[in-house]
2 protein chains.
Amino acid sequence: MCQLLGMNCNVPTDICFSFEGFCARGGKTDDHKDGWGIAFFEGKGCRMFLDAKSSVTSPIAALVKRYPIHSNHVIAHIRKATQGEITLENCHPFRRELWGRYWVFAHNGDLPGFNPLDLSFYQPVGTTDSEKAFCVILETLRKQFPLKKPSLEELYPVLEKITRTLANIGIFNYLFSDGDYFFAHCSTKLCYIVRQAPFAAAHLIDEDLVVDFSELTKPEDRVAVIATTPLTDNEVWTHLKPGELLAFRDGRVISVE
Amino acid sequence: MCQLLGMNCNVPTDICFSFEGFCARGGKTDDHKDGWGIAFFEGKGCRMFLDAKSSVTSPIAALVKRYPIHSNHVIAHIRKATQGEITLENCHPFRRELWGRYWVFAHNGDLPGFNPLDLSFYQPVGTTDSEKAFCVILETLRKQFPLKKPSLEELYPVLEKITRTLANIGIFNYLFSDGDYFFAHCSTKLCYIVRQAPFAAAHLIDEDLVVDFSELTKPEDRVAVIATTPLTDNEVWTHLKPGELLAFRDGRVISVE
């Protein structure tokens, strides 16, 4: 299995604090040490860092922890290999272009025996079930909306339907974004927190580190952090229900119905 | 305009030395300071670093210079914007998936007024002529070989034909690879050097730095470095002729006829 970390905000925010705690799970406080990756959207652009090394030993992870990259949409992943070797092409997140946008996907779970044969637009490069599922999702969306990106209201039910089909195969927690829409799906385990005014101090579970967000934020800032398990021990995290597919915008869950 | 740097080797090699000199052109010895990027293939996997900052000020470029990533196929780019704003999505190299492989492309030149309208598989995310040309190349290859990746001998003439069409529009020097095939096209300016036994010392033009490759290599190693203009002042670089499309493999130019 693996672990997921996501962030969605109303102003570009750095993820250094959360990533510090998350990284520790890649070989220090937990054993998800078969590679890691992180994607930052900056406008339509997308910057990704991937490494087949563990996140606690990777010099690139050290840079990401130290160098504040400001983004409204971040998806990160630390890997404990179930399907697919420990190679760079099997590191999440995965990225493809659709409708002139980069789409990024990271998965926590396992889809035993999953082997879609009817992919025509998108082919997996690596050998993970996760990348295959990502290709199936994009292929489904592309076939349904061949010409241009649909509204969130149009896209959501199509994504929900293919997600349900895939989640029937196994465990399928994921994060999925194009730097505009941001989705989090819970199959077994995923939680989130929304930080907004009045901001307070937060203490990491995996590192003895405290950040007082009231010193770093403006009153109107709002940041949602999504993770496989809570990253802090002095805040209340909301657990998603199995089967729940949430859409985030501007740092909070939005209703798409 | 921009500058290109590529490397193709028979054993995974780091590009730290060449990248050091190349980076200096991004604001120190030259004015290509509107962003930079580099792609490293590791097997089928591809690791990319992009930044809209100049390569001389970017902390990520500092990491790439310092941290030896070993790869057989590298494509790098420093940008001086002609078309498209200075944003992350306009930084080269660009990447898309085709036939289950990542394809990477970087361009030096300018295609005035180029605006292809008939793209169906690949859409540009940014606003550069370069990314549009990349989409046209992939689209052409995909339509010609819809099912699977062709042999180099099959692919080359199709690539050459679409390259000629695009080069008629303006200046079109490029590097293009999927981590297996590696192409360099000269429209106006591109050169390369093949380093092989007996190895000697090389001195950068843009930084006062010497590396004695005889101390770092095995006799069977072979490395081709491709750049817009020579990076060293004590080696003989071969200039490509305008219109030449070279294929590299295992650190040397191969004949595809």
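Convention: sequence-line order gives letters A, B, ...; per-chain numbering from 1. Only this structure's heavy atoms are used, side chains among them; waters, hydrogens and symmetry mates stay out.
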Quiz prompt | Over 12 foreign heavy atoms within 6.0 Å of CD, B/E154 | solution = yes
Exercise. Name the region of A/P59, side chain, backbone, both or neither, that has any atom closer than 4.5 Å to a heavy atom of chain B.
Key: both
Quiz item: Could you walk me through whether B/D31 and B/K80 pass the salt bridge (Lys or Arg N to Asp or Glu O under 4.0 Å) check?
Solution: CA-CA 7 Å; B/D31 59 350; B/K80 187 175 173 183; 2.8 Å; yes
Quiz item: Does B/R96 count as lying over the ring of B/Y122, i.e. NZ or CZ under 6.0 Å from the six-ring centre, within 45 degrees of the axis?
Solution: no
Quiz item: Which bit of A/L119 is near chain B, if near means a heavy-atom gap under 4.5 Å: side chain, backbone, both or neither?
Solution: neither
Quiz prompt | Engaged part of A/D51 at the chain B interface, taking heavy atoms whose separation is under 4.5 Å | solution = both
Exercise. Please determine, among B/G100, B/G126, B/A52, B/A62, the option with the most heavy-atom pairs under 4.5 Å with chain A.
Key: B/G100
Quiz item: Do you know which of B/I69, B/L50, B/I60 has the most heavy-atom pairs under 4.5 Å to chain A?
Solution: B/I60
Exercise. For a side chain to side chain contact (heavy atoms under 4.5 Å, CB included) with A/L138, tell me which candidate from A/F176, A/F121, A/F105 qualifies.
Key: A/F176
Quiz item: Side chain, backbone, both or neither: which part of A/F49 has an atom under 4.5 Å from a heavy atom of chain B?
Solution: side chain
Practice problem: Using a cut-off of 6.0 Å, state whether more than 12 heavy atoms not belonging to A/K33 lie near its atom NZ. | Solution: no
Quiz item: Measuring heavy-atom distances to chain B, does A/Y67 have an atom under 4.5 Å in its side chain, in its backbone, in both, or in neither?
Solution: side chain
Quiz item: Heavy-atom distance under 4.5 Å to chain B: side chain of A/C135, backbone, both or neither?
Solution: neither
Quiz prompt | Largest heavy-atom contact set with chain A, pairs under 4.5 Å, which of B/R142, B/E42, B/E131 | solution = B/R142
Quiz prompt | A/W103/A/F183 aromatic ring centres below 6.0 Å | solution = no
Quiz item: Looking at A/E97, A/Q123, A/E89, A/K44, which makes the most heavy-atom pairs under 4.5 Å with chain B?
Solution: A/E97
Quiz item: Quick one: OG on B/S55 to CD on B/E20, what's the gap to the nearest 0.5 Å?
Solution: 10.5 Å
